[in-house]
Amino acid sequence: MFGSHSANRGPQTSLDLTHVLYDDDSLLSLALALVTLSPILLMAAYASLAVQTREFLVIIMWAGQFANEGFNWILKRLYKEDRPDGSLGNGYGFPSSHSQYMGYFSTFLICHLYFRHRFGSTGSSFLDQAWRITVYVAVSAWGLSVAYSRYHLQYHTPYQILWGYGIGVVCGAACYGCFELIPRLRPNSPLGHLKAFLVSNHISTWLQIRDGWAIWPDGGREGDWKRWKAEWDRQRVASTEKRS
């Protein structure tokens with residue numbers, strides 16, 4: 001029944017997006033295999049946040065991530081550098097796409113946390129600063145661990161990984177600078193006018209796109225929570241009165 005279908009198959013290949021080989025005898029190798037797959041989760045997170053929050057920052061970061069991937073695709077086909085000997089990965093090796101991906105993500109996010117976002121205060125300046133540093137270190141450690149996993153699992157050489165991560169860092173900083181930092185510091189610059197147009201045009205208004213961090217230091221999270229809490233308390237009181 002399946003003979004004719006199988007006979008007409010063209011060349012087969014593996015989808016490396018979710019296919020990772022690791023040393024089955026090593027727990028470290030297993031852990032790094034899971035780490036190397038973690039960037040896939042970011043695309044789902046981007047999509048969920050973009051739809052739920054309609055935040056300009058999230059949408060621009062997501063679009064920049066796609067552009068960064070496209071740039072990596074172009075670079076790989078320009079240089080056509082092989083992966084290390086013995087690697088079972090498909091495609092060209094330079095620069096490492098996973099490393100470039102995480103270099104972009106971690107740089108853009110840290111820039112945003114440093115320049116714009118303000119965390120809720122614990123009441124202690126020491127604890128507030130310690131928390132911020134912890135977040136910076138955690139984001140950086142995630143990105144670097146993904147990059148290291150590509151070396152440990154023998155998918156890339158250190159040279160390919162370092163270049164990939166470095167290119168991602170530059171792309172992340174450039175994207176944040178062009179669409180967030182420069183428009184905020186120089187609102188009358190061409191980039192400032194471009195951002196104003198992207199946020200306030202008719203389509204963005206129809207889609208209810210907003211730039212929360214331009215108004216509130218935490219992007220409006222605390223205000224949203226207070227409105228929810230007030231409505232929650234009101235409904236609980238109304239429900240109690242109705243039962244009594």
Side-chain angles (χ1 to χ4, degrees), residues 13-22 28-51 55-84 87-114 117 135-181:
T13 188
S14 170
L15 179 63
D16 276 351
L17 187 64
T18 57
H19 181 208
V20 180
L21 297 174
Y22 65 94
L28 175 60
S29 186
L30 171 60
L32 290 174
L34 295 174
V35 166
T36 209
L37 289 173
S38 63
I40 299 173
L41 302 176
L42 288 178
M43 283 302 178
Y46 278 130
S48 299
L49 287 172
V51 172
E55 276 291 346
F56 177 79
L57 177 87
V58 175
I59 296 170
I60 284 296
M61 186 178 181
W62 189 19
Q65 193 82 70
F66 275 114
N68 182 59
E69 285 295 285
F71 186 40
N72 178 269
W73 187 89
I74 293 172
L75 290 174
K76 282 189 172 181
R77 280 147 188 83
L78 282 175
Y79 287 93
K80 298 182 179 180
E81 184 175 298
D82 292 333
R83 292 176 183 268
S87 173
L88 297 178
N90 289 330
Y92 300 115
F94 178 89
S96 166
S97 58
H98 281 71
S99 302
Q100 186 173 329
Y101 187 106
M102 293 305 294
Y104 170 92
F105 169 78
S106 57
T107 300
F108 191 106
L109 182 56
I110 289 174
C111 283
H112 168 64
L113 294 175
Y114 180 81
H117 186 74
V135 173
Y136 296 153
V137 171
V139 172
S140 299
W142 184 14
L144 292 172
S145 64
V146 171
Y148 174 74
S149 72
R150 305 308 289 173
Y151 168 74
H152 184 91
L153 299 173
Q154 300 180 9
Y155 279 89
H156 292 283
T157 65
Y159 169 81
Q160 295 168 347
I161 292 168
L162 291 174
W163 269 99
Y165 201 88
I167 293 170
V169 167
V170 172
C171 289
C175 185
Y176 185 83
C178 289
F179 290 98
E180 286 295 323
L181 189 59

Task: Check: Ile161 and Tyr148 side chains under 4.5 Å, non-hydrogen atoms - done: no
Task: Residue pair Arg77, Tyr92: steps toward the side chain to side chain contact (heavy atoms under 4.5 Å, CB included) verdict - done: CA-CA 7 Å; Arg77 280 147 188 83; Tyr92 300 115; 4.2 Å; yes
Open item on the list: For Arg150 and Ser99, which I'm curious about, is there any donor-acceptor pair between the side chains at under 3.5 Å?
Closed with: no
Task: OG-CG distance between Ser140 and Leu109, expressed to the nearest 0.5 angstrom - done: 9.0 Å
TODO: Classify the side-chain pair Ser106/Trp142 by whether it contains a donor and acceptor separated by less than 3.5 Å.
DONE: no
Task: Pairwise distance OG(Ser149) to OH(Tyr155) - rounded to 0.5 angstrom - done: 10.0 Å
Open item on the list: Could you tell me if the side chain of Leu28 sits less than 4.5 Å from the side chain of His152, heavy atoms only?
Closed with: yes
Open item on the list: Less than 4.5 Å apart, side chain to side chain, heavy atoms only: is that true for His112 and Leu57?
Closed with: yes
Task: Atom pair CG (Leu78) and CZ (Phe94), whose distance is rounded to the nearest 0.5 Å - done: 10.5 Å
Hey, can you pull the donor-acceptor pairs under 3.5 Å for the side chains in residues 171-178, sequence neighbours left out?
none

Task: Interatomic spacing from NE2 in His98 to CD1 in Ile40 - rounded to 0.5 Å - done: 6.5 Å
Task: With sequence neighbours excluded, residues passing ring pair (Phe, Tyr, Trp, His ring centres under 6.0 Å) with Phe66 - done: Trp62
Task: side chain to side chain contact (heavy atoms under 4.5 Å, CB included) between Tyr104 and Met61, worked out - done: CA-CA 9 Å; Tyr104 170 92; Met61 186 178 181; 4.3 Å; yes
Task: Residues Ile60, Glu180; criterion side chain to side chain contact (heavy atoms under 4.5 Å, CB included); working and verdict - done: CA-CA 9 Å; Ile60 284 296; Glu180 286 295 323; 5.6 Å; no
Open item on the list: Between Tyr46 and Gln65, do the side chains contain a donor N or O and an acceptor N or O under 3.5 Å apart?
Closed with: yes
Open item on the list: Could you measure the distance from the CG atom of Leu37 to the CG atom of Leu32? Nearest 0.5 Å is fine.
Closed with: 11.0 Å
Task: Separation of Ser97 OG from Ile167 CD1 (nearest 0.5 Å) - done: 11.5 Å
Task: Full working for side chain to side chain contact (heavy atoms under 4.5 Å, CB included) between Leu144 and Tyr165 - done: CA-CA 8 Å; Leu144 292 172; Tyr165 201 88; 3.8 Å; yes
Open item on the list: Looking at every non-hydrogen atom in both residues, tell me the closest pair between Glu81 and Gln160 and how far apart they are.
Closed with: OE2-NE2, 3.0 Å
